[in-house]
Amino acid sequence: MLTTKLVDNAYELALENFDAAADVLGLYNDTREMIKYPERVLTVTVPVRMDDGHIHRFEAYRVQHSQVRGPAKGGIRYHPQVTLDEVKALATWMTWKCAVVNIPFGGGKGGITCDPKHMSKGELERMTRRYTSAILPIIGPEQDIPAPDVYTNPQTMAWIMDTFSMTKGYPIPGVVTGKPISLGGSLGRNEATGRGVFYTTECACEHLNIPLKGARVVVQGFGNAGSIAAHLMDSASAVVIGASDSRVAIYNRHGLDIPKLIMHKERTGCLKGFPDAEEITPEELLALDCEILIPAALENAITEENAHTIHARIVSEAANGPVTPEADRILNSKGVFLIPDILCNAGGVTVSYFEWVQDEAHLFWDEQDVNNKLEKIMKRSFAAVLKINLDRKANMRLAANMLGIGRVADACRIRGLYP
């Protein structure tokens with residue numbers, strides 16, 4: 001099983017990364033007090049009538065870390081290991097992520113502690129609508145805009161939009177992003193996170209003079225972001241030699257047939273049983289010799305315990321917080337080039353911003369226009385982070401945090417939100 005390790009508290013890691021960047025930036029304590037901590041934390045109880053007739057009570061959260069640069073923006077995840085600290089960490093990272101790609105949002109995040117794999121569609125709908133009602137006072141197109149995350153999808157967003165719209169008496173598509181196209185979703189949104197991972201990895205390969213054609217790629221986590229990234233890497237003639245999901249890790253040194261693997265996952269729900277591949281352990285997958293490792297599952301995949309086993313030249317963080325600070329230092333000492341999550345996986349929130357703009361303007365773009373705009377923003381943001389990396393001799397995570405935190409601090413100062 002590939003699950004989040006509980007040895008590290010994600011929120012403490014987020015604060016540690018903030019402090020490291022704030023120290024280098026020389027931020028005053030007043031500034032830190034204004035931008036370091038969440039502005040609003042909401043914990044709600046979500047009672048749901050299950051299919052067998054009994055009521056089950058779920059714990060759920062919505063955190064708004066910052067609205068200094070615009071409405072809060074961030075996904076909602078359904079997972080058994082969702083905790084308040086995890087949601088606070090994800091909201092914090094979203095603030096810096098939006099600032100790194102320079103879109104006018106702050107960070108938000110939500111989650112329900114549940115096991116969606118063992119819930120029916122009816123139970124999920126009832127839970128989603130009840131959760132939406134509970135957080136309804138603090139969400140909206142000008143206030144806080146949820147999106148899909150782990151084990152949520154366009155259908156989840158459609159239920160949220162419908163529940164919110166019923167209270168207003170008319171459709172409000174801008175309350176969420178990642179919706180179905182027929183409800184005001186954006187073309188290119190479903191592939192956006194994986195596409196952003198591809199664009200930033202392409203930039204890293206160019207910077208390091210690593211040919212993408214023939215590069216060996218390992219993808220840990222074969223959900224939306226991981227599978228799309230794998231598909232784009234495969235299309236660029238890279239060789240995806242390893243992949244995993246929550247049940248199994250598989251390997252083929254000659255390369256996995258990614259289109260067939262994606263179809264197998266869609267048909268069976270997992271990677272297990274895929275022909276022309278051998279099963280290996282999750283630990284062996286991360287330790288494979290490769291040029292590009294893409295951790296695309298959950299937090300804390302690479303820690304102090306296993307960082308020394310990593311043999312990749314580039315680590316592209318498609319997941320949020322997959323590498324702990326201790327592991328970061330080990331990878332840096334080994335010469336591994338890390339593309340931090342707040343840059344690498346920012347394609348999703350960038351196209352979410354495009355979707356929100358289209359909903360508010362009631363004017364929709366062609367998919368190629370969406371992809372072209374995304375590529376421009378991702379490559380421009382990579383260049384901005386790399387410049388700090390080279391000029392300030394800071395590793396890429398520190399450089400990305402410096403860029404994002406610096407922009408939020410500057411916005412706070414310009415607005416006059418502190419002396």
Side-chain angles (χ1 to χ4, degrees), residues 97 100 193-222 225-244 249 251 253 255-256 258 284-297 301-303 306-325 327-347 375 378-390 393-401 403:
K97 184 184 302 183
V100 163
T193 303
R195 192 171 289 277
V197 172
F198 174 75
Y199 289 145
T200 53
T201 304
E202 189 178 36
C203 288
C205 287
E206 183 178 343
H207 169 64
L208 298 172
N209 294 315
I210 299 173
L212 190 56
K213 182 177 181 179
R216 295 166 298 171
V217 181
V218 173
V219 182
Q220 185 233 13
F222 212 74
S227 62
I228 296 296
H231 172 68
L232 292 171
M233 293 289 175
D234 181 69
S235 299
S237 299
V239 182
V240 182
I241 61 171
S244 68
Y251 167 69
R253 66 187 181 91
L256 300 166
I258 296 303
E284 289 173 330
L285 180 90
L286 290 173
L288 288 173
D289 281 321
C290 61
E291 279 68 51
I292 301 163
L293 171 62
I294 304 176
I302 302 175
T303 67
N306 65 357
H308 67 279
T309 69
I310 302 300
H311 293 102
R313 295 186 64 186
I314 298 171
V315 173
S316 304
E317 291 189 320
N320 291 306
V323 180
T324 66
D328 230 348
R329 289 185 276 272
I330 295 171
L331 294 180
N332 190 55
S333 70
K334 287 162 59 75
V336 176
F337 187 90
L338 183 136
I339 310 174
D341 49 4
I342 63 172
L343 169 63
C344 189
N345 68 34
E375 182 176 9
M378 295 304 298
K379 292 189 173 181
R380 183 177 63 200
S381 301
F382 181 93
V385 173
L386 183 63
K387 186 177 188 304
I388 297 173
N389 163 257
L390 298 174
K393 301 295 187 290
N395 65 44
M396 286 292 284
R397 187 184 309 284
L398 179 58
N401 279 316
L403 178 62

### Task
Quick one: pull up CG in L212 and OG1 in T201 and give me the separation to the nearest 0.5 Å.
8.5 Å
## Note on the structure
Residues V336 and A312: closest non-hydrogen pair is CG2-O, 3.4 Å
### Query
Sub-3.5 Å donor-acceptor pair from the side chain of D234 to the main-chain atoms of A230, do we have one?
no
### Close side-chain approach of V100 to V385, heavy-atom, < 4.5 Å
yes
### Interatomic spacing from NZ in K379 to OH in Y199 - rounded to 0.5 Å
7.0 Å
### Message
On a heavy-atom basis, which atom in S316 and which in I339 lie closest, and how many Å separate them?
### Response
OG-CD1, 3.6 Å
### Message
Please determine whether the number of non-hydrogen atoms from other residues, nucleotides or ligands lying under 6.0 Å from atom NZ of K387 exceeds 12.
### Response
no
### Summary
CG (N345) and CE (M378) are apart, to the nearest 0.5 Å, by 8.0 Å
### Task
Measure the CD1-CG distance between I310 and L288 for me, rounded to the nearest 0.5 Å.
9.5 Å
### Query
Do you know the tightest heavy-atom contact between A384 and L403?
CB-CD2, 3.9 Å
### Task
Begin with the C-alpha distance, continue with both residues' side-chain angles, and end with the deciding distance and a verdict on side chain to side chain contact (heavy atoms under 4.5 Å, CB included) for R195 and L232.
CA-CA 7 Å; R195 192 171 289 277; L232 292 171; 4.0 Å; yes
### Summary
Closest non-hydrogen atoms of E317 and C344, given as atom of the first, atom of the second and distance, are O-CB, 3.5 Å
#### Entry: Shortest non-hydrogen separation from P340 to A400 and the atoms involved
CG-CB, 3.6 Å
#### Entry: S244 (side chain) donor-acceptor with G221 (main chain) under 3.5 angstrom
yes
### Side chain N332, main chain M396, donor-acceptor under 3.5 Å
no
### Query
Is a side-chain N or O of N306 found less than 3.5 angstrom from the main chain of T303, in a donor-acceptor match?
yes
### Query
E291 and salt bridge (Lys or Arg N to Asp or Glu O under 4.0 Å): which partner among K213, R313, R216?
R216
### Task
Write down the atom of P322, the atom of A319, and the distance for their closest heavy-atom approach.
CD-O, 3.4 Å
### L338/D328 under side chain to side chain contact (heavy atoms under 4.5 Å, CB included): CA gap, chis, key distance, verdict
CA-CA 8 Å; L338 183 136; D328 230 348; 3.7 Å; yes
### Message
I need the N401 CG to I342 CD1 distance, nearest 0.5 Å.
### Response
4.0 Å
### Other residues, nucleotides, ligands: >12 heavy atoms within 6.0 Å of R253 CZ
no
### Query
Sub-3.5 Å donor-acceptor pair from the side chain of Q220 to the main-chain atoms of P295, do we have one?
no
### Query
Of T200, V217, I210, I294, which meets side chain to side chain contact (heavy atoms under 4.5 Å, CB included) against I314?
I210
### Message
Applying side chain to side chain contact (heavy atoms under 4.5 Å, CB included) to I258 and M233, what does each step give before you reach the verdict?
### Response
CA-CA 9 Å; I258 296 303; M233 293 289 175; over 6 Å; no
### Query
Stepwise, does the side chain to side chain contact (heavy atoms under 4.5 Å, CB included) test hold for L293 with I302?
CA-CA 11 Å; L293 171 62; I302 302 175; 4.0 Å; yes
### Task
Output the distance between atom CZ (F198) and atom SG (C203), rounded to the nearest 0.5 Å.
10.0 Å
### Query
Is the distance between the ring centroids of H207 and F382 under 6.0 Å?
no
